[in-house]
There are 2 protein chains.
Amino acid sequence: MVFSNLEFATLVHIMLLLYTEKESEDWLTSDYIAGSVGVNAAVVRREIKKLKQAGLVVSKEGKNGGVKIIPDSEIDLAKIYLANVSDKEEKYNNTNPKCAVGGSINELLEEIYQQTDLEVIQSLQKIKLSSMYKNLKK
Amino acid sequence: MVFSNLEFATLVHIMLLLYTEKESEDWLTSDYIAGSVGVNAAVVRREIKKLKQAGLVVSKEGKNGGVKIIPDSEIDLAKIYLANVSDKEEKYNNTNPKCAVGGSINELLEEIYQQTDLEVIQSLQKIKLSSMYKNLKK
DNA sequence: TTAAACTGTAACATAAATTATTACAGTAAC
DNA sequence: GTTACTGTAATAATTTATGTTACAGTTTAA
């Protein structure tokens with residue numbers, strides 16, 4: 001329920017791929033990544049845009065170009081979550097303001113959502129790409 | 001992001017309405033509830049079905065029928081969350097099993113999702129209808 | 001005993017969000 | 001200058017969420 005679409009899964013997948021190849025000379029292409037994730041290369045580039053904006057990866061245009069994870073980088077999943085979530089807004093019902101509940105519920109929910117989001121972020125902060133890497137099937 | 005659609009908001013709204021009317025003789029009708037939430041009465045009945053299955057409300061058919069919150073009931077939002085979430089399944093990318101990351105990622109994400117869901121549930125357990133009721137604008 | 005007021009549910013329509021696809025301008029390498 | 005990339009836009013297809021209508025079945029009460 002927390003992750004109701006595939007965007008976060010796709011972002012984590014991309015980041016983990018880049019992490020596994022972080023020592024490589026080559027930059028990973030969106031075609032290659034698309035083949036591992038199982039989505040279209042244009043989708044990969046769209047998701048990578050978010051990762052770039054979050055400062056988690058760098059890319060290079062032109063021949064032999066592609067994407068690389070930023071060096072050093074003990075990256076955790078909260079950073080990836082936030083890269084994904086930053087633009088979106090919560091939706092609320094169009095409640096009846098004449099009703100005591102209808103007039104208050106959306107503000108109450110807003111607080112609650114902020115709290116649950118915080119919990120999720122704190123939970124994801126504990127999970128590093130390095131530990132996911134160690135848990136890959138060999 | 002945790003709550004990407006209006007179902008949870010609708011369920012909480014319904015429960016809070018029922019809570020405010022818990023001392024009343026009358027049963028609340030789906031028409032009345034629909035008017036407060038701002039959705040169609042059939043939608044209300046669809047959501048109420050989940051609440052019934054979770055044992056949080058009882059309903060009565062026929063004239064003067066409607067819905068009531070179960071008596072006693074120090075209900076928290078985790079119960080409502082679980083009423084909503086129980087049927088749904090997570091989705092994953094159709095990853096490439098020949099790739100080390102593609103072959104492992106979905107299992108790794110599954111674990112992560114279980115953990116974040118648990119955090120959300122624990123956070124929601126702390127929020128009772130009674131405290132939301134107290135925070136309604138008067 | 002019949003009309004009225006409900007729930008429960010199905011079938012279908014519409015809207016919104018997500019994901020896929022195609023295309024191509026721009027860039028860098030060789 | 002050709003090749004292999006990214007970046008991005010436009011648009012289509014798919015999926016999910018929400019809205020709407022309809023009606024059978026239930027209960028109440030005149």
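Below, chains carry the letters A, B, ... as their sequence lines are ordered, and counting in each starts from 1.
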Legend entry - Shortest side-chain distance from B:Lys63, nucleotide among D:dT20, D:dT18, C:dA5: C:dA5
Legend entry - Distance-only donor-acceptor check, side chains A:Ser123 and B:Thr116, under 3.5 Å: no
Inset, instruction - Could you check how far CG of A:Asp26 sits from C1' of D:dA4, rounded to whole Å? - result: 13 Å
Inset, instruction - Could you state the atom-to-atom distance from CZ of B:Phe8 to P of D:dA17 in whole Å? - result: 16 Å
Show the distances under 3.5 angstrom between N or O atoms of the protein and N or O atoms of nucleotides 7-9 of chain C.
from  : atom 1 : to      : atom 2 : distance (Å)
C:dT7 : OP1    : B:Ser30 : N      : 3.0
C:dT7 : OP2    : B:Ser30 : OG     : 2.7
C:dG8 : OP1    : B:Lys52 : NZ     : 2.4
C:dG8 : OP1    : B:Ser59 : OG     : 2.5
C:dG8 : N7     : B:Arg45 : NE     : 2.9
C:dG8 : O6     : B:Arg45 : NH2    : 3.2
C:dT9 : O4     : B:Arg45 : NH2    : 3.4

Inset, instruction - Round to a whole Å and report the spacing from NZ of A:Lys68 to P of D:dC5. - result: 14 Å
Inset, instruction - In whole angstrom, give the distance that lies between atom CG of A:Asn84 and atom C1' of C:dT18. - result: 12 Å
Inset, instruction - Using whole Å, report how far CD of A:Glu7 lies from C1' of D:dT15. - result: 14 Å
Inset, instruction - Under the ring pair (Phe, Tyr, Trp, His ring centres under 6.0 Å) rule, what do A:Tyr92 and A:Tyr113 come out as? Steps first, then yes or no, please. - result: CA-CA 11 Å; A:Tyr92 297 97; A:Tyr113 291 172; 5.8 Å; yes
Legend entry - Donor-acceptor pair between B:Glu119 and B:Gln115 side chains, under 3.5 angstrom: yes
Legend entry - Upstream residue (5' side of DNA chain C) when B:Asn64 and A:Glu47 are each assigned their closest nucleotide: B:Asn64
Legend entry - Whole-Å distance separating the CG atom of A:Asn94 from the C1' atom of D:dG19: 14 Å
Inset, instruction - Quickly work out the A:Trp27 CH2 to C:dA28 C1' distance and round it to whole Å. - result: 12 Å
Legend entry - Note: A:Glu21-A:Lys68 ion pair, threshold 4.0 Å (strictly below): no
Inset, instruction - Assess the side chains of A:Asp76 and A:Tyr81: does a donor N or O sit below 3.5 Å from an acceptor N or O? - result: no
Legend entry - Pair A:Ser104-B:Asn135, side-chain donor/acceptor within less than 3.5 Å: no
Inset, instruction - Under 4.0 Å between any heavy atoms, over every strand shown, what does B:Asn5 touch: base, sugar-phosphate, or nothing? Just pick one. - result: sugar-phosphate
Legend entry - Rounded distance (Å) that lies between atom P of C:dA16 and atom OH of A:Tyr92: 19 Å
Legend entry - Under 3.5 Å side-chain donor-acceptor pair for A:His13 and B:Thr95: no
Inset, instruction - Compare the minimum distances between each of D:dG19, C:dA20, D:dA17 and the side chain of B:Val43, then state the nucleotide with the smallest one. - result: D:dG19
